[in-house]
Amino acid sequence: MVKFIHAADLHLDSPFKSRSELPPHIVDRLMESTYNATKRMIDYAIKEKVDFIIIAGDVFDQKNRTLKSEIFLKEQLQRLEDNGIFTYMIHGNHDPLDHNVKTSWPSTVHVFKENIETYQLMSKDNEKIFLHGFSYLHDETYENKIDHYPVNNRNDGIHIGILHGTYSKSNTKSKRYTEFTLEDLRSKLYHYWALGHIHQRQELSDMPLINYAGNIQGRHMNETGEKGFYIVSGDHVHLYSTFVSVEDIQFERYDLEINNIYRDELYRAVTEYKNKLRKEGSRVIELTVYYDGEEDISGNDYYEVLSLLQEDERDVEDFVWIDRLYIEQENADQNALLTDIKNSFKDDDDLYKTALNTLYMDPKVNKFLPPMEDIDKEKLLELGEARLKLLMRK
């Protein structure tokens with residue numbers, strides 16, 4: 001029996017991309033979020049008494065790598081060593097070996113070099129484990145080293161491949177490093193593949209398990225949803241993986257339907273929605289508000305509402321910061337057509353009289369109508385407008 005953590009793409013000290021002006025306390029939280037998420041992972045590893053941790057590349061953002069991030073990670077890995085937990089790391093395209101940063105890690109930390117290496121270890125239950133992987137030497141490495149991974153011909157122990165690369169069928173916008181196919185990985189006869197580079201967690205295969213852990217903390221609106229790592233356990237017959245969420249701040253997109261577009265009602269509805277989200281933790285969001293009506297909101301009212309919604313989050317610990325607010329008018333085309341019809345014909349008395357005469361000349365209808373002189377023109381037009389809306393939306 002073995003139990004280990006598969007993480008990737010910590011990107012300690014990574015810059016955060018936000019298109020709006022963030023208040024200082026939110027900027028500070030964002031800059032600390034990767035540290036907080038990493039610490040939660042280490043806490044979890046110690047609590048669960050895992051055998052080891054795998055970090056599948058991009059531990060740092062090399063261009064933004066600081067002494068603070070190195071000292072922090074060293075302290076966290078020392079905590080693992082103090083609890084008898086080993087760490088196995090590879091370097092990815094964002095923290096390649098050729099940057100030649102010298103860091104002395106605890107003795108239980110093993111960093112893979114630029115050529116394929118295999119580490120052999122024993123789990124706490126004396127299960128043989130074989131880890132295979134390599135670190136990027138350069139940040140622009142397109143070389144394919146898949147062929148150099150040894151094939152598992154031993155028929156003993158658990159074999160785990162570690163790779164920072166791109167699945168050939170992935171539609172990612174990230175640069176495509178060390179592309180591979182599922183057939184490439186399956187041909188090695190490993191029990192598990194711990195993948196890095198793609199920031200969205202994915203299970204590419206369940207036999208054997210081939211997983212992207214995703215990054216541990218989202219950094220912008222293209223990295224939405226829960227972020228964390230996989231806890232993997234089992235034996236040489238079968239391994240099981242479960243995702244564990246540890247992000248400090250979540251980036252997410254939401255939709256909200258409202259009944260009134262007036263600025264006070266818009267502000268109230270969005271505030272109530274934010275307060276519901278707040279219970280789930282701090283987050284930066286894009287919100288699209290859908291409104292089924294004819295009224296529109298002016299530019300000044302829109303920016304006043306957004307500014308107040310953002311101002312409400314200043315100095316709030318569990319903030320819900322609206323990075324972007326979109327207002328979508330449902331049935332906008334139909335409403336525009338209806339407005340054109342109203343503007344074109346509402347004052348056409350001849351057309352009104354012709355339509356009314358046609359209505360009263362229908363024997364199947366006129367028996368249900370009041371005397372023509374008792375007809376309220378405005379009410380009749382309102383009734384016709386409501387009926388037209390109903391027909392347009394079918």
Side-chain angles (χ1 to χ4, degrees), residues 2-14 34-62 64-124 127-137 157-164 192-197 213 215-217 228-233 244 246:
V2 65
K3 184 192 295 185
F4 65 92
I5 281 175
H6 162 207
D9 300 282
L10 306 188
H11 287 279
L12 295 175
D13 269 344
S14 173
T34 51
Y35 293 92
N36 292 334
T38 300
K39 185 177 182 300
R40 290 175 183 174
M41 179 179 70
I42 302 302
D43 291 342
Y44 184 94
I46 294 171
K47 177 184 176 183
E48 292 296 316
K49 300 178 180 179
V50 302
D51 292 291
F52 55 90
I53 285 182
I54 293 172
I55 305 178
D58 285 358
V59 180
F60 300 99
D61 255 332
Q62 199 66 54
N64 305 284
R65 184 170 180 168
T66 62
L67 176 61
K68 173 185 175 181
S69 64
E70 290 186 31
I71 295 299
F72 166 79
L73 186 60
K74 188 173 181 178
E75 290 174 346
Q76 297 306 310
L77 299 184
Q78 183 62 55
R79 291 177 60 204
L80 293 178
E81 181 179 89
D82 294 342
N83 287 271
I85 299 172
F86 284 73
T87 303
Y88 297 90
M89 294 194 303
I90 65 173
H91 288 262
N93 57 289
H94 278 279
D95 56 357
L97 294 172
D98 67 351
H99 283 262
N100 202 29
V101 176
K102 303 296 185 182
T103 304
S104 58
W105 301 114
S107 62
T108 50
V109 177
H110 298 281
V111 179
F112 287 76
K113 296 181 175 59
E114 66 269 25
N115 293 317
I116 303 296
E117 295 183 300
T118 297
Y119 284 106
Q120 181 177 342
L121 59 143
M122 300 289 288
S123 72
K124 293 183 176 69
E127 182 105 44
K128 285 184 182 179
I129 312 294
F130 299 89
L131 302 179
H132 314 278
F134 76 98
S135 288
Y136 281 35
L137 179 60
I158 297 173
H159 289 254
I160 299 170
I162 308 172
L163 176 64
H164 194 84
Y192 187 86
W193 277 93
L195 304 179
H197 182 52
N215 54 341
I216 202 168
Q217 167 63 57
F229 57 87
Y230 280 110
I231 179 76
V232 185
S233 61
V244 179
V246 290

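For the numbers below, each heavy atom of this structure counts, side chains included, while hydrogens, waters and symmetry mates do not. FYI, the numbering just counts along the sequence from 1.
No side-chain heavy atom of Leu80 sits under 4.5 Å from any side-chain heavy atom of Gln78. Residues Leu77 and Pro106 form a side-chain contact, since some pair of their non-hydrogen atoms from C-beta on lies under 4.5 Å apart. Between Leu163 and Phe134 there is a side-chain heavy-atom pair separated by less than 4.5 Å. Side-chain contact between Lys39 and Gln76: present, with at least one pair of heavy atoms (C-beta onward) separated by less than 4.5 Å.
The aromatic ring centres of Phe72 and Tyr35 sit less than 6.0 Å apart.
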Exercise. Could you go through the side chain to side chain contact (heavy atoms under 4.5 Å, CB included) check for Ile53 and Phe229 one step at a time?
Key: CA-CA 10 Å; Ile53 285 182; Phe229 57 87; over 6 Å; no
Exercise. Dump the intermediate steps for side chain to side chain contact (heavy atoms under 4.5 Å, CB included) on Phe4 and Ile129, then the final yes or no.
Key: CA-CA 11 Å; Phe4 65 92; Ile129 312 294; over 6 Å; no
Quiz item: Given Lys74 and Ser104, is the side-chain hydrogen bond (donor to acceptor under 3.5 Å, both in side chains) satisfied, shown in steps?
Solution: CA-CA 8 Å; Lys74 188 173 181 178; Ser104 58; 3.0 Å; yes
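Applying the side-chain contact (heavy atoms from CB on, under 4.5 Å) test between Phe60 and each of His11, Glu70, His94 identifies Glu70 as the sole match. Here the rule is side-chain contact (heavy atoms from CB on, under 4.5 Å) with Asn83, and of Thr108, Ile46, Val50, Ile42 only Ile46 fits it. Under the ring-ring contact (aromatic ring centres under 6.0 Å, His included) test applied with Tyr88, the options His132, His110, His6 reduce to a single match, His110.
Taking Ser233 as the reference, nothing meets the side chain to side chain donor-acceptor pair (under 3.5 Å) condition, with sequence neighbours excluded. Under the rule for a salt bridge (Lys or Arg N to Asp or Glu O under 4.0 Å), Lys113 has no partner lying at least two apart in sequence or in another chain. Applying the side chain to side chain donor-acceptor pair (under 3.5 Å) test to Lys124 and every residue at least two apart in sequence or in another chain returns nothing.
Between Ala8 and Leu195, the closest heavy-atom pair is CB-O, 3.9 Å.
For Asn93 (side chain) and Tyr136 (main-chain N/O), no donor-acceptor pair under 3.5 Å exists by modelled atom type.
Taking CG of Leu121 as the start and CD1 of Ile158 as the end, the distance is 9.5 Å to the nearest 0.5 Å.
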